[in-house]
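A short write-up of the structure that comes next.
Numbers restart at 1 for each chain; the letters A, B, ... are given by sequence-line order, proteins then strands.
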There are 2 protein chains.
Amino acid sequence: MVDQLSAVFAALADPTRRAILARLRDGEATVAELAEPFAMSQPAVSKHLKVLEQAGLITRTRRATARLSHLRAEPLRAARDWLGDYRAYWRESHDRLDDLLTELQEKDT
Amino acid sequence: MVDQLSAVFAALADPTRRAILARLRDGEATVAELAEPFAMSQPAVSKHLKVLEQAGLITRTRRATARLSHLRAEPLRAARDWLGDYRAYWRESHDRLDDLLTELQEKDT
DNA sequence: CGCCTCCATAACCATTTCGTTCTGAAACCA
DNA sequence: TGGTTTCAGAACGAAATGGTTATGGAGGCG
């Protein structure tokens, strides 16, 4: 993986990793805590955490024998910025079905 | 690939595919036109287009012997919405280094 | 010290991804 | 009809991905 943006999108392409990020919004967590919701071995979760770390989406610290993961959402901003360049193409009149639905909704309002 | 969101993020994880989407903002294009900027065979580009089509990010029509690709940005909205849930985590004080930099910048201003 | 807990790494396997070359189908053109 | 252009699909290979089990190291605790 060469570029940061590709790494971030690739990290987000896995539902397990998205769930881990969602969990980390509630605060730091140990590997065992993060693994608990999944029907998956501990090393599998460790691998996911490594992917997230390499994409810059988490940082990790130690506390006693535990390794704590912390959300680092900053790279998500770049991803969101990239998507923002396409805003006009789903808002403006580039998809006729979309336009139709939008018009109908606006008449409802 | 089970869910739509994973398919979209996976599609965006490749720089070639992101470049193809960017090109399609200028309007529909043939496979040959899309392949032109890349040091890559035509079947390789056809495969990328298939990935984009299955993610719902392009639609395809025929015109004579040519197959035209059209941008369909709508699924990008869902991706952007997902990222939006993390907005607070890069804006608010969850990253100490970020906070520091933000403070320094604000002092500059 | 010796054990226990927490977790990373190694080794392995199956599948997917990303590229290639070769081939042939579909639609137009002379 | 026969040739040409445009592109998709098959077949293949290398590397990455996502999972497993087995192992062992680092750091507290009795």
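Between B/M1 and B/A10, the shortest heavy-atom contact is CE-CB, 3.9 Å.
Checked against side chain to side chain contact (heavy atoms under 4.5 Å, CB included), A/Q4 has the following partners two or more places apart in sequence or in another chain: A/V8, A/P75. Taking A/R18 as the reference, B/D3, B/S6 meet the side-chain hydrogen bond (donor to acceptor under 3.5 Å, both in side chains) condition, with sequence neighbours excluded. Among residues two or more places apart in sequence or in another chain, the side chain to side chain contact (heavy atoms under 4.5 Å, CB included) test is passed with A/A22 by A/R25, B/Y86. Under the rule for a salt bridge (charged side-chain N to carboxylate O under 4.0 Å, His left out), the partners of A/R63 that lie at least two apart in sequence or sit in another chain are A/E28. Residues passing the side chain to side chain contact (heavy atoms under 4.5 Å, CB included) test with A/R80 are B/R80, B/L83, B/R87, B/W90, sequence neighbours excluded.
When heavy atoms are screened at a 4.0 angstrom cut-off, B/A44 is found touching base atoms of the nucleic acid.
A/L68 and A/V31 fall into different hydrophobic clusters, defined by Ile, Leu, Val, Met, Phe, Trp and Tyr side-chain heavy atoms under 4.5 Å apart, directly or through other members. Two different hydrophobic clusters hold A/L21 and A/V51 under the rule that ILVMFWY side chains link at heavy-atom gaps under 4.5 Å.
Among the nucleotides D/dG27, C/dC18, C/dT20, the one closest to the side chain of A/R62 is D/dG27.
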Start with the C-alpha distance between A/R23 and A/E33, add both sets of side-chain angles, then the distance that settles side-chain contact (heavy atoms from CB on, under 4.5 Å), and finish with yes or no.
-> CA-CA 10 Å; A/R23 162 64 184 81; A/E33 284 164 0; 3.9 Å; yes
Can B/L5 and A/L12 be said to form a side-chain contact (heavy atoms from CB on, under 4.5 Å), step by step?
-> CA-CA 9 Å; B/L5 197 51; A/L12 298 182; over 6 Å; no
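Of the residues in residues 3-11 of chain B, none has a non-hydrogen atom less than 4.0 angstrom from any atom of DNA chain D. Using a 4.0 Å cut-off on heavy atoms, the residues of residues 12-22 of chain A that approach DNA chain D are A/D14, A/R17, listed by number.
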Just list the side-chain donor-acceptor pairs under 3.5 Å for residues 39-47 of chain B, sequence neighbours left out, or say none.
| unit_1 | atom_1 | unit_2 | atom_2 | d |
| --- | --- | --- | --- | --- |
| B/S41 | OG | B/A44 | N | 3.4 |
| B/Q42 | NE2 | B/S46 | OG | 3.2 |

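Between the A/R72 side chain and the A/L57 main chain, no donor and acceptor come within less than 3.5 Å of each other. Checked by atom type and distance alone, the side chain of A/R17 pairs as donor or acceptor with a backbone atom of A/A11 at under 3.5 Å.
Considering OG1 of B/T16 and CG of B/L49, their distance stands at 11.0 Å, rounded to 0.5 Å.
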Give me, pair by pair, the N or O atoms of the protein and of nucleotides 1-4 of chain D that are less than 3.5 Å apart, along with how far apart they are.
none

What's touching nucleotides 5-10 of chain D from the protein side, N or O pairs under 3.5 Å?
| unit_1 | atom_1 | unit_2 | atom_2 | d |
| --- | --- | --- | --- | --- |
| D/dT6 | O4' | B/T65 | OG1 | 3.1 |
| D/dC7 | OP1 | B/V31 | N | 3.1 |
| D/dC7 | OP1 | B/R67 | N | 3.3 |
| D/dC7 | OP2 | B/A32 | N | 3.0 |
| D/dA8 | OP1 | B/R60 | NH1 | 3.4 |
| D/dA8 | OP1 | B/R60 | NH2 | 2.4 |
| D/dA8 | OP2 | B/S46 | OG | 2.2 |
| D/dA8 | N7 | B/Q42 | NE2 | 2.8 |
| D/dA8 | N6 | B/Q42 | OE1 | 3.4 |

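In this structure, the CD atom of A/E28 is 15 Å from the C1' atom of C/dC6, given to the nearest Å. Nucleotide D/dG18 holds its C1' atom 15 Å from the CD atom of A/Q54, rounded to whole Å. Whole-Å rounding puts the A/R63 CZ to D/dC29 P distance at 12 Å. Regarding A/M1, its CE atom lies at a distance of 14 Å from the C1' atom of D/dG18, rounded to whole Å.
One axis for each end of the helix from C/dC1-D/dG30 to C/dA30-D/dT1, each built from five base pairs, and the angle between them comes to 10° at 10° resolution.
Applying the side chain to side chain donor-acceptor pair (under 3.5 Å) test to pairs two or more places apart or on separate chains, those with a residue in residues 50-61 of chain B are B/T61-B/H70.
Within the 4.0 Å cut-off from OP1 or OP2 of C/dG19, at least one side-chain nitrogen or oxygen of B/H48 is found.
Using a 4.5 Å cut-off on side-chain heavy atoms (C-beta onward), A/L24 and B/Y89 make no contact.
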